[in-house]
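Read the structure below first, then the notes.
One-based numbering, in listed order, for ligands and for the atoms of each.
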Amino acid sequence: MLNFFNYTLKDLQDLLIENGFKKFNAQQVFDWVYKKFETNFNKMSNLSKSLITWLNENMHISCLSEEIKLVSKDGTTKFLFKLEDGNKIETVLMNFDYGNSICVTTQVGCNMGCKFCASGQLKKIRNLEAAEIVMQVYHLNKYLHEKGEDLIRNIVVMGIGEPLDNYENLSKFLNIVRDDHGIGIGSRKITVSTCGLVNRFDDWIRDFPQVGLAISLHAPNNEIRSKIMPINNAYNINDIISNVNKYIKATNRRITFEYILIDGINDSDACAHELAELVKGILCYINLIPWNPVDNTTFKRSHNVRRFYEVLRKHGITATVRQEKGSDINSSCGQLRAKNEKK
Ligand code: SAH
């Protein structure tokens with residue numbers, strides 16, 4: 001069976017034409033699914049009987065099954081979904097003053113092994129298919145639509161998994177959600193976060209120069225970074241900086257460096273000075289992230305967030321402190337799944 005959510009409008013047009021239907025039929029189906037949130041082909045009243053029969057026999061519009069939904073005091077809503085093969089993934093809906101944002105998962109588990117992260121405690125089981133990433137957006141849009149609220153305007157690819165380790169499905173997902181005839185979220189409203197798989201940067205620059213890119217830096221030097229992020233042994237800070245320079249030269253876009261602050265590990269004033277020196281002159285900003293406590297780690301939250309921020313500002317570095325959302329519902333970084341998965 002073909003999964004509807006793996007198709008852009010163009011791809012669906014090609015498929016329908018190949019099977020003897022008309023190009024405009026694809027737009028009809030798209031309108032039912034994406035504008036009217038109808039997922040039953042039999043109810044698509046303007047389609048011919050033969051098209052409905054063909055669709056029922058060849059394609060399915062599958063939906064994610066909601067296992068848990070937690071609503072935080074600040075409105076952040078966290079979903080634990082069960083996939084068709086029984087694996088579970090998390091998706092988060094956040095409301096900012098600039099609109100609703102979704103944080104999507106790209107893999108079941110993660111192999112990057114970052115020491116401070118809950119997702120890495122459960123190894124990667126498999127990549128998500130493009131459709132499974134699209135379905136997270138669709139499911140939340142349907143939820144918002146039913147509540148009479150505004151649909152999703154921004155996507156951050158910062159859920160469980162390393163997106164650049166699932167490049168093909170990530171690309172397909174990005175092409176589907178950017179399609180104006182479907183979900184229609186523009187490149188500039190999407191940010192993909194990577195732990196720094198710079199081997200994919202040439203592809204990224206070629207394919208998605210307008211999509212936002214964030215890099216999880218989390219340390220001002222290789223010594224600290226290698227201690228908390230094993231991936232630094234494959235692609236270190238020097239590799240990251242040279243690839244970032246290449247990225248900026250090619251796209252002229254500002255890059256985001258994410259920097260989690262962990263007590264006594266990477267949050268000293270000296271680290272802030274070193275970080276400022278490292279990124280000086282690079283078109284970037286630094287997103288400081290208060291670390292969210294994760295079970296089975298010895299890390300503690302930093303008390304130096306404000307000072308760290310001030311040091312960067314004094315060096316003339318643009319920085320922001322990430323607004324925390326949904327901390328009362330285990331909203332961060334794979335925690336819900338980790339707690340609901342047998343280890
Ligand atoms: N694999 C990608 C995207 C997923 S994680 C990446 O590494 O960027 C998204 C962001 O959340 C990353 O910056 C990650 O380092 C950070 N993160 C992971 N665990 C966290 C925690 N416990 N508290 C705060 N941020 C965390």
Side-chain angles (χ1 to χ4, degrees), residues 76 78 89-92 94 101-124 127-128 133 136 155-167 169-170 173 190-201 204 211-219 224-225 227-232 234-235 237 240 243-244 255-263 265-267 284-302 305 308 319-327 329-339:
T76 301
K78 179 147 203 172
I89 56 164
E90 296 182 18
T91 307
V92 186
M94 293 163 288
S101 256
I102 184 177
C103 175
V104 295
T105 283
T106 53
Q107 296 180 318
V108 181
C110 182
N111 275 346
M112 300 300 128
C114 300
K115 300 277 192 279
F116 46 77
C117 176
S119 308
Q121 293 183 357
L122 301 172
K123 286 277 156 254
K124 176 171 103 178
N127 284 327
L128 291 192
I133 317 175
Q136 298 172 54
I155 300 178
V156 294
V157 183
M158 296 189 184
I160 299 171
E162 167 48 46
L164 298 190
D165 183 39
N166 184 13
Y167 192 82
N169 289 306
L170 173 76
F173 158 75
I190 306 176
T191 303
V192 172
S193 174
T194 174
C195 64
L197 299 191
V198 294
N199 57 321
R200 282 297 189 178
F201 271 38
W204 180 264
V211 175
L213 185 62
I215 300 184
S216 298
L217 191 61
H218 304 333
I224 299 177
R225 196 166 192 265
K227 278 191 199 142
I228 54 175
M229 298 180 72
I231 190 65
N232 201 58
Y235 306 112
I237 292 189
I240 291 177
N243 278 280
V244 161
I255 201 153
T256 304
F257 287 117
E258 293 158 285
Y259 196 103
I260 301 181
L261 288 160
I262 312 174
D263 182 54
I265 302 281
N266 63 355
D267 69 334
C284 70
Y285 60 83
I286 298 198
N287 195 198
L288 295 174
I289 311 174
W291 179 70
N292 280 302
V294 171
D295 292 350
N296 309 320
T297 65
T298 53
F299 296 129
K300 290 198 228 45
R301 281 167 80 91
S302 169
V305 178
F308 200 96
T320 50
V321 177
R322 181 175 292 174
Q323 284 181 51
E324 287 189 85
K325 292 270 180 192
S327 46
I329 53 161
N330 288 328
S331 153
S332 34
C333 317
Q335 300 193 22
L336 185 60
R337 172 170 179 262
K339 286 184 180 151

Exercise. Under 6.0 Å from the OH atom of Y167, do we count more than 12 heavy atoms belonging to anything else shown?
Worked result: yes
Exercise. Which one of I231, L217, N292, L164 has a non-hydrogen atom at the shortest distance from atom 22 (N) of ligand 1?
Worked result: N292
Exercise. Do you know the tightest heavy-atom contact between Y235 and R225?
Worked result: O-NH1, 3.6 Å
Problem set entry | Whether G161 lies under 4.0 Å from ligand 1, heavy atom | yes
For this session: Run the numbers for me: atoms of ligand 1, each under 4.0 Å from some heavy atom of C195, listed by number.
Result: 6 (C), 7 (O), 8 (O)
Exercise. Counting only heavy atoms, which portion of H218 has something under 4.0 Å from ligand 1: side chain, backbone, both, or neither?
Worked result: side chain
Seminar exercise, completed: Closest heavy-atom pair, I160 versus S119, reported as atoms and distance to 0.1 Å, is CG1-OG, 3.6 Å
Exercise. What do we get for T194 next to ligand 1 when only non-hydrogen atoms under 4.0 Å count, side chain, backbone, both or neither?
Worked result: backbone
For this session: Enumerate the atoms of ligand 1 whose separation from the nearest heavy atom of E258 is less than 4.0 angstrom.
Result: 10 (C), 12 (C), 13 (O)
Exercise. For residues E162 and T194, is any side-chain donor paired with an opposing acceptor at under 3.5 Å?
Worked result: yes
Exercise. Just wondering, more than 12 heavy atoms not from K123 lying within 6.0 Å of its NZ?
Worked result: yes
Problem set entry | Which atom of F116 lies closest to which atom of W291, heavy atoms considered | O-NE1, 3.0 Å
Problem set entry | Atom of E258, atom of R322 and distance for their closest heavy-atom approach | OE2-NH2, 3.3 Å
For this session: Assess G159 for proximity to ligand 1: is some non-hydrogen atom of it under 4.0 Å away?
Result: yes
For this session: Give the single entry among S193, P290, C103 that approaches atom 8 (O) of ligand 1 most closely by any heavy atom.
Result: S193
For this session: Check each atom of ligand 1 against the heavy atoms of C117 and keep those under 4.0 Å away; list them by number with element.
Result: 18 (C), 19 (N)
Exercise. Any nitrogen or oxygen of M158, main chain or side chain, under 3.5 Å from a nitrogen or oxygen of ligand 1?
Worked result: no
For this session: Mind listing the closest non-hydrogen atom pair of L128 and N166 along with its distance?
Result: O-ND2, 3.0 Å
Exercise. With only distance considered, is S216 within less than 3.5 Å of ligand 1 through an N or O on each side?
Worked result: yes
Exercise. Which ligand 1 atoms, with their elements, are less than 4.0 angstrom from a heavy-atom of V294?
Worked result: 22 (N)
